[in-house]
Amino acid sequence: MIDLKALQNNFEAVSQKLKKKKIDAALLELLKEESLQLKEKRNLLEQLQADQNAKSKLFPIYKKEGKDIAELKSQLDQNKEKITAQQEVVRLLEEKLSEIALGVPNIPDDSVPEGSDEEDNIELKKVLDTPVFDFAPKEHWDLDSNQEWIDFERGVKLTKSRFSVLKNDAARLERALVNFMLDFNRSRGFDEVSVPFIANQDSLKGTGQLPKFEDDLFKIEGENLYLIPTAEVPVTNLFRDEILTADELPIKLTSYTACFRKEAGSAGRDTRGMIRQHQFGKVELVALAKPEESDQVFDDMLSCASDLLTALGLPHRLVMLCGGDLGFGAAKTVDIEVWLPGQNRYREISSVSNTRDFQARRAMIRYKDGKKNRLVHTLNGSSLAIGRTLIAVMENYQKRDGTIAIPEVLKKYMQ
RNA sequence: CGGGAGAUGGCAGAGCGGUUGAAUGCACUGGUCUUGAAAACCAGCGAGGGUCAUACCUCCGGGAGUUCGAAUCUCCCUCUCCCGGCCA
């Protein structure tokens, strides 16, 4: 959630920055008006309550002194009606306000470029040269046309489209990738956690998936529980409603989970192959940091993910997302795109974001800064999506005879 | 899924329907003492909103109710623990 106080006090600046995200200015205006309204109504309510409290305290005194309490009681009764009415006013306003506020995306950093979509993203750098083949490299599904590695048909049989089954060396490779990544991340100072793949509404709300993006989630019937779309949800929410001490920050964690996404808005996109599945494995990086150190932590996470690809020998590039392409909760995001020779293009394989205090405000994650409690900054990034990494290995390490080499660093994990 | 107990501040643990936002202990922070530390003693120590700062308001799992007044009484929900069944 954005900082409503900042919106009230610096309306122009905030709404100017939010323009990058193509937000309706009228909505912001409304938000500001409503929040000021609420402040006023709430002040009135509090006055009434203060009055009521003060008079209530007279009650036992009057009784002790044997005074008549009928007059006092009638005053209290009247005042009570006013309070009840005013409470309703405040409650409605609060409801309306939070409905609007929860739908407003995060404020982009100044460093985020203007732009409306992918086309306007800015390439920061390329790492490793793209491989040169003396034959025409295939896409992963053609490489494995008889489904020795990835069995799409049976995945569909078991569940439905966009589910698949890994077999033989692919299954082992997946496991090797997970282990390699977790070990790598640990060596970079990220502590490993293993968390539930199901989260409740409060958690999804804390990281911003709810209420706005319910359509993207698999919900468990009759339970108010959801399959997680990313480990970011459970791992960040580990600290929901907590006040951390300054010296335990930054907290840097890594976790492997399955991720479940409905891909509601992507009908018809990437229907072939394993690029876009309803379920995929991902090793995630999550960090909580003091505001002044979060940029440093962001860079650490980004280089951690990039170095991982380098270690795997996979060419990739770093792309700074423009305002229009930025996710709902992110103030700044850099995507990492891996080279897929079969597709002859870069495809997203990782995404590192700094949400600043946007999630922390929703999830109430704070730390003690001397006497005061301040919101932390939360950051998240895919270490790498496992499925896409698997594809990248297949396509980049393919040989003329259709076999696939194993990256050097994975060999010890494949024995 | 069936039977019993419970939910209070970082933890432990009191709390008659009326200055109780909440005793006490531990932990923590500052100070005195000490060469230093420990011990001892003194002081402070929940959160959110609000204010320049005070006042002031709200919060004792969540919601509804009784009452002039509820942490304290009633109802519902959720969760936790113990017993039984089922089962990785």
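Convention: sequence-line order gives letters A, B, ...; per-chain numbering from 1.
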Atom-to-atom span, [atom1] of [X] to [atom2] of [N] - whole angstrom:
X        : N     : atom1 : atom2 : answer
A:Lys55  : B:C57 : NZ    : P     : 14 Å
A:Leu225 : B:U78 : CG    : P     : 12 Å
A:Arg91  : B:U58 : CZ    : C1'   : 16 Å

If [N] has a Watson-Crick or G-U wobble mate with both distances under 3.5 Å, name it; if not, just say none.
N     : value
B:G2  : B:C83
B:G50 : none
B:A43 : B:U29

**Message:** Need one value for A:Asn53: base, sugar-phosphate or nothing, where a base atom within 4.0 Å counts as base even if backbone is also close, heavy atoms only.
**Reply:** sugar-phosphate
**Centroid separation A:His278 to A:Phe218 less than 6.0 Å** = yes
**Prompt:** How far does the C1' atom of B:A71 sit from the matching atom of B:C1, given to the nearest Å?
**Reply:** 33 Å
**Request:** With side chain to side chain donor-acceptor pair (under 3.5 Å) as the test, would you mind laying out the steps for A:Gln398 and A:Lys138 before giving the verdict?
**Result:** CA-CA 8 Å; A:Gln398 62 181 294; A:Lys138 293 178 174 169; over 6 Å; no
**Request:** Please determine, by modelled atom types, if A:Gln49 and A:Asn53 share a side-chain donor-acceptor pair under 3.5 angstrom.
**Result:** no
**Request:** For A:Gln359 and A:Thr378, test the side chains for any donor-to-acceptor distance below 3.5 angstrom and give the result as yes or no.
**Result:** yes
**Message:** Do the side chains of A:Arg356 and A:Asp3 get close enough for a salt bridge, i.e. N-O under 4.0 angstrom?
**Reply:** no
**Asked** Looking at side-chain heavy atoms only, is the closest gap between A:Gln8 and A:Leu36 below 4.5 Å?
**Response** yes
**Prompt:** Above 12 or not: heavy atoms from other molecules or residues under 6.0 Å from CD of A:Glu248?
**Reply:** yes
Which atoms of nucleotides 67-71 of chain B (N or O only) lie under 3.5 Å from a protein N or O atom, and what are those distances?
{"from": "B:C68", "atom 1": "OP1", "to": "A:Lys73", "atom 2": "NZ", "distance (Å)": "2.5"}
{"from": "B:G69", "atom 1": "OP1", "to": "A:Lys80", "atom 2": "NZ", "distance (Å)": "3.1"}

**Request:** Check whether NZ of the Lys or CZ of the Arg A:Lys212 lies under 6.0 Å from the centre of the six-membered ring of A:Phe328 and within 45 degrees of that ring's axis.
**Result:** no
**Request:** Mark up nucleotides 46-51 of chain B, 5' to 3', with B wherever a protein heavy atom is under 4.0 angstrom from a base atom, S wherever such an atom reaches only the sugar-phosphate, and - elsewhere.
**Result:** -SSBSS
